[in-house]
Amino acid sequence: MDENALSAVGVDAEDERIYRDLLRRPRATLPELAAHTGRTAVGLRRAFARLEALGLVSRMAGRPVRYVPTRPDVAVAALISRREEGLAQARLAALTMLAETPRTENLAPEELVEVVQGQAAVVQRFTQLQQTATQELLVLDRPPYAQDPTQQNVAEMERLAHGLVVRGIYDVAALEIPGKLRLAQESVTAGEQARISPEVPMKLAIADRKSAILPLSTDASAHADSAVIVHSSTLLDALVTLFEVLWRSSLPLPAKSFSPSAAESLPDPALFTLLAAGLKDEAVARQLGVSLRTVHRRVSELMDRLGARTRFQAGLLAARRGWWNDDDG
């Protein structure tokens, strides 16, 4: 177990160790704890004063001096609640400060575009953009990535849970990364509106149609170590228009596959999307977790059933017939 698991709620490592010692020896006196832990009585008193202020311990009346540990689940829940209240107040303060700053429409031309250098700075600015969006987040998703693409975007999942509208368009190359389709489907299940396209020109995120972040270079071989921040302007309007054009020409990404029993009578909706998007059979098999032979067989069945001459046509025809509505499964 992490020796400083409570650092996120304001408990330092040494105080946490003392709290854990007390949990294991709830009836120990101060001298007994000092002897067992090798700490001085003075040091323990100071630590217990801090722990008492955090609600993790309470002092018993009488002599000798004893401290009682608060149940960890109760104590930590209270600390988390206190921390959340503090974060909420900080968020309100940030909005107040924002109201005191000049509107972006009044920015000088040279202030409408910022250049961010360094992978860590790019990740930080994207996270900030994502967290400050209050209504809508528009995202174009394609490699290369500044963050690990095989890990779920926890921040987005939290924002979805709080009602933020997220629309994302995934490039085919993104879904060729092992596990990426599963993560995208998890996001759809959580509320993201997602589509797939073979023509995503770059990575892009637009928050509330007021600011956007995109890579400085469109070179696919370049690492995501520089980016451009665009504020309200005709340039931002053009980026929004680009997103909407791509959205209309993209295919829906299903939230989930059919159950094995349903798949016997109706092909997997994820298969439609991947076919129409142009993924190779090997990538389709990898993403769906089936054998290459199974993909060949199901594609052949699908094309025969639809009377399609190409895999791409089969995917489009399946989409137009609405075969991946949940009601069908």
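None of these values were measured; they are calculated from a predicted model.
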*Asks:* More than 12 heavy atoms of other residues, nucleotides or ligands under 6.0 Å from CZ of Arg46: is that the case?
*Replies:*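 It does not: Arg46 CZ has 12 such atoms or fewer within range.
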*Asks:* Are Trp247 and Ile206 in one and the same hydrophobic cluster, where Ile, Leu, Val, Met, Phe, Trp and Tyr link if side-chain heavy atoms are under 4.5 Å apart?
*Replies:*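 Same hydrophobic cluster.
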*Asks:* Report yes or no: do Phe48 and Leu56 belong to one cluster of Ile/Leu/Val/Met/Phe/Trp/Tyr joined by side chain heavy-atom distances under 4.5 Å?
*Replies:*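 Linked, Phe48 and Leu56 end up in one cluster.
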*Asks:* Is there a side-chain contact between Arg125 and Ile229 in this structure, where contact means two heavy atoms from C-beta onward sitting under 4.5 Å apart?
*Replies:*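 They are in side-chain contact.
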*Asks:* What residue among Glu192, Glu158, Gln130 forms side chain to side chain donor-acceptor pair (under 3.5 Å) with Asn153?
*Replies:*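 Passing option: Gln130.
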*Asks:* Can you give me the closest heavy-atom contact between Gln135 and Leu164, atom names plus distance?
*Replies:*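 Looking at all heavy atoms of both residues, the closest pair is C-CD1, 3.4 Å.
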*Asks:* What I want to find out is whether Asp12 reaches Arg17 closely enough, with some N-O distance under 4.0 Å, to be called a salt bridge.
*Replies:*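 Between Arg17 and Asp12 there is no salt bridge, as every charged N stays at least 4.0 Å from the carboxylate O atoms.
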*Asks:* Do Arg182 and Gln185 have side-chain N/O donor and acceptor atoms under 3.5 Å apart?
*Replies:*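 Note: Arg182 and Gln185 side chains miss the donor-acceptor criterion.
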*Asks:* Would you find more than 12 non-hydrogen atoms of other residues, nucleotides or ligands less than 6.0 Å from Gln124 atom CD?
*Replies:*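 No, not enclosed.
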*Asks:* For the pair Glu52 and Arg45, find out whether any cationic side-chain nitrogen is under 4.0 Å from an anionic carboxylate oxygen.
*Replies:*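 Salt bridge: no.
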*Asks:* Which pairs would a plain distance check flag for residues 74-90, meaning a side-chain donor or acceptor within less than 3.5 Å of a matching protein atom at least two apart in sequence or in another chain?
*Replies:*
{"from": "Arg83", "atom 1": "NH1", "to": "Ala8", "atom 2": "O", "distance (Å)": "2.8"}

*Asks:* Which atom names give the shortest non-hydrogen contact between Phe126 and Ala205, and what distance separates them?
*Replies:*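 Closest approach of Phe126 to Ala205: CE1-CB, 3.7 Å.
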*Asks:* Could you tell me whether Glu136 and Arg209 have a side-chain N and a carboxylate O separated by less than 4.0 Å?
*Replies:*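 Yes.
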*Asks:* Hey, does Lys180 have a side-chain heavy atom less than 4.5 Å from the side chain of Asp141?
*Replies:*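 Result yes, sub-4.5 Å side-chain heavy-atom pair found.
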*Asks:* Output all residues satisfying side-chain hydrogen bond (donor to acceptor under 3.5 Å, both in side chains) with Asp208, sequence neighbours left out; order by chain, then residue number.
*Replies:*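 Testing Asp208 for side-chain hydrogen bond (donor to acceptor under 3.5 Å, both in side chains), a comparison that skips the adjacent residues, returns Thr134.
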*Asks:* Does the pair Asp171 and Lys203 meet the rule for a salt bridge (charged side-chain N to carboxylate O under 4.0 Å, His left out), with working shown?
*Replies:* CA-CA 9 Å; Asp171 186 76; Lys203 286 200 296 295; over 6 Å; no
*Asks:* Using the ring pair (Phe, Tyr, Trp, His ring centres under 6.0 Å) rule, collect all pairs that involve residues 153-181, keeping only residues at least two apart or in two chains.
*Replies:*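 Matches after skipping sequence neighbours: none remain.
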*Asks:* Count the heavy atoms of every other residue, nucleotide or ligand shown that sit under 6.0 Å from CZ of Arg24, and state whether that count exceeds 12.
*Replies:*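 For Arg24, atom CZ is crowded (more than 12 foreign heavy atoms under 6.0 Å).
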*Asks:* Under a 4.5 Å side-chain heavy-atom rule over Ile, Leu, Val, Met, Phe, Trp and Tyr, are Leu54 and Tyr67 clustered together?
*Replies:*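 Yes, Leu54 connects to Tyr67 through the hydrophobic network.
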*Asks:* Could you pull out the closest heavy-atom pair between Pro252 and Arg195, with the gap in Å?
*Replies:*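 What the structure gives for the nearest pair is CA-CG, 4.0 Å.
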